[in-house]
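Shown next, in structure tokens, is the structure this report addresses.
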Amino acid sequence: QVQLVESGGGLVQPGGSLRLSCAASGSTFSISASGWYRQAPGKEREVVARITRSGTTNYADSVKGRFTISRDNAKNTVYLQMNTLKPEDTAVYYCAASPANIPAQISDYKYWGQGTQVTVSS
């Protein structure tokens, strides 16, 4: 089993920045890829970014150029640096981990964190 704990959410003004962290514990050797998802009220959960064990990253078009996903393997931690935040980025952000090398869909992620709220508002 793998446990994921997110931190770093909060309230920020438009144009501001936040950095989310996701610390993994337990059977972390089983994790090949990690991702960040978000879910806004009344909307489906959507992918934000993904990083594979080799470090390859992918982003949703809506966050390209503004968000950066990274990982520190020594600390078993994945980060999401969010810059130039917009009100439409407001959502609960979830960290996810997958045993698949290249998870292609949400069902490929086996482990989930509890979520952290990000609110972008003036």
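Quick note: residue numbers are just sequence positions, from 1. Here the structure is a predicted model, which is why all the values come from computation and not from measurement.
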> Has Glu88 got more than 12 heavy atoms of other residues, nucleotides or ligands less than 6.0 Å from its CD?
Replying inline: yes
Residues 65-74 side chain polar contacts: donor-acceptor under 3.5 Å, at least two apart:
residue, atom, partner, partner atom, Å
Arg66, NH1, Thr84, O, 2.9
Arg66, NH1, Asp89, OD2, 2.8
Arg66, NH2, Ser62, O, 2.9
Arg66, NH2, Asp89, OD1, 3.0
Arg66, NH2, Asp89, OD2, 3.4
Arg71, NE, Asn73, OD1, 3.0
Arg71, NH1, Thr52, O, 2.9
Asp72, OD1, Ala74, N, 3.1
Asp72, OD1, Lys75, N, 3.3

> Can you tell me how far CG of Asn76 sits from OG of Ser34, rounded to the nearest 0.5 angstrom?
Replying inline: 9.5 Å
> Within a strict 4.5 Å, meaning less than it, do heavy atoms of the Trp112 and Ile106 side chains meet?
Replying inline: yes
> Is there side-chain contact between Arg38 and Val63, with at least one heavy-atom pair below 4.5 Å?
Replying inline: yes
>> So which atom in Ser32 and which in Ala100 form the shortest heavy-atom distance, rounded to 0.1 Å?
In response: CB-O, 3.3 Å
> Between Val12 and Val92, is there a shared hydrophobic cluster once you connect ILVMFWY residues whose side-chain heavy atoms come closer than 4.5 Å?
Replying inline: no
>> With clusters defined by side-chain heavy atoms of hydrophobic residues (ILVMFWY) lying less than 4.5 Å apart, directly or transitively, does Val47 cluster with Leu20?
In response: no
>> Given 3.5 Å as the limit, does a donor-acceptor pair link the side chain of Glu6 with the main chain of Gln114, or not?
In response: yes
> Residues two or more places apart in sequence or in another chain: which of them pass ring pair (Phe, Tyr, Trp, His ring centres under 6.0 Å) with Tyr109?
Replying inline: Tyr37
> In terms of hydrophobic clusters joined by side-chain contacts under 4.5 Å, are Leu4 and Ile51 together?
Replying inline: no
>> On a heavy-atom basis, which atom in Ile31 and which in Ala33 lie closest, and how many Å separate them?
In response: CG2-O, 3.5 Å
>> If I compare all heavy atoms of Ser122 with all of Pro14, which pair ends up nearest, and what's the gap?
In response: N-CD, 3.7 Å
>> If we check side-chain contact (heavy atoms from CB on, under 4.5 Å) with Met82, which of these qualifies: Val120, Val48, Val118?
In response: Val118
>> Restricting to non-hydrogen atoms, name the atom on Ala91 and the atom on Ala40 that form the minimum distance, rounded to 0.1 Å.
In response: CB-N, 3.8 Å
> Can you name the closest pair of heavy atoms from Leu18 and Gly8 and give their distance?
Replying inline: CD2-O, 3.8 Å
> Which pairs with one or both residues in residues 72-101 pass ring pair (Phe, Tyr, Trp, His ring centres under 6.0 Å), sequence neighbours excluded?
Replying inline: none
> Which atom names give the shortest non-hydrogen contact between Pro99 and Lys110, and what distance separates them?
Replying inline: CD-CB, 4.0 Å
> Do Thr90 side-chain atoms and Thr119 backbone N/O form a donor-acceptor pair below 3.5 Å?
Replying inline: no
>> Surrounding CG of Leu11 (heavy atoms of other residues, nucleotides or ligands, distance under 6.0 Å), is the total greater than 12?
In response: yes
